[in-house]
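Numbers here simply count residues along the sequence, with the first being 1. Because the structure is a prediction, the values reported are computed rather than measured.
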Amino acid sequence: MALSLIDVAAEVLREHGAARVSALTVRVGAWSSVVPEALTAAFPACAAGTPLEGARLSVVTVPGVGECPVHGRVTLDVRQGLRCPECGAPTPTLLAGDELELDEIELAGSDREDL
């Protein structure tokens, strides 16, 4: 995952003619297969020797959101599975919480760009 993130950020660098990244923010869904701590730990080693070396990585966790037939949009608890935390009804559609997105990137020597 860290290598894919570096590839995406490197593409942004090329598009903007920048040389380095000083910071980036990633949105990681609570229901994704990505462990934020593992991503944070792997990032420096994966970024070594690239234009992202030394960049600050911030990870924002996005909660799971499902659609309960009774309560509408609800925040899901991973430990309860795809069930409404209010009534226990199945919420088979995950509306948010499975993403891995590069949200912001700060190019060295420039203002932050929101992606």
Check for a donor-acceptor pair, side chain of Glu15 on one end and backbone N or O of Leu13 on the other, with a separation under 3.5 Å.
-> no
Would you please test Ser32 and Leu100 for side chain to side chain contact (heavy atoms under 4.5 Å, CB included) and show each step?
-> CA-CA 7 Å; Ser32 73; Leu100 172 60; 5.6 Å; no
Mind checking what makes salt bridge (Lys or Arg N to Asp or Glu O under 4.0 Å) contact with Glu101, not counting sequence neighbours?
-> Arg27
Once you round to the nearest 0.5 Å, how far does CD1 of Ile105 lie from CG of Leu52?
-> 6.0 Å
Check: Glu53 main-chain N/O paired with Arg20 side-chain donor or acceptor under 3.5 Å | yes
Using a 4.5 Å cut-off on heavy atoms from C-beta on, say whether the side chain of Pro51 contacts that of Val21.
-> no
Which residue pairs pass the salt bridge (Lys or Arg N to Asp or Glu O under 4.0 Å) test with at least one member in residues 42-52, sequence neighbours excluded?
-> none
If you measure from CD on Glu67 to CG on Leu76, what distance do you get to the nearest 0.5 Å?
-> 10.5 Å
Could you pull out all donor-acceptor pairs under 3.5 Å where a side-chain atom in residues 77-88 meets a protein atom, sequence neighbours excluded?
| unit_1 | atom_1 | unit_2 | atom_2 | d |
| --- | --- | --- | --- | --- |
| Asp77 | OD1 | Arg79 | N | 2.9 |
| Asp77 | OD1 | Arg79 | NE | 3.1 |
| Asp77 | OD2 | Arg79 | NE | 3.4 |
| Asp77 | OD2 | Arg79 | NH2 | 2.8 |
| Arg83 | NH1 | Gly88 | O | 2.8 |

Let me check something: any side-chain donor-acceptor pairs from residues 40-48 under 3.5 Å, sequence neighbours excluded? List them with distances.
| unit_1 | atom_1 | unit_2 | atom_2 | d |
| --- | --- | --- | --- | --- |
| Thr40 | OG1 | Pro36 | O | 2.9 |

Are Val65 and Trp31 connected in the hydrophobic side-chain network, where two residues link if heavy atoms are under 4.5 Å apart?
-> no
Transitive ILVMFWY side-chain link Leu94 to Val34, under 4.5 Å = no
N/O donor-acceptor pair under 3.5 Å between Thr61 side chain and Ala30 backbone = no
Please list, one pair per line, the donor and acceptor atoms closer than 3.5 Å that link side chains of residues 5-12 to other protein atoms, with sequence neighbours excluded.
| unit_1 | atom_1 | unit_2 | atom_2 | d |
| --- | --- | --- | --- | --- |
| Glu11 | OE1 | Arg14 | NE | 3.3 |
| Glu11 | OE1 | Arg14 | NH2 | 2.9 |

Go through the steps to decide whether Asp103 and Val60 satisfy the test side chain to side chain contact (heavy atoms under 4.5 Å, CB included), and finish with yes or no.
-> CA-CA 9 Å; Asp103 189 41; Val60 176; 5.9 Å; no
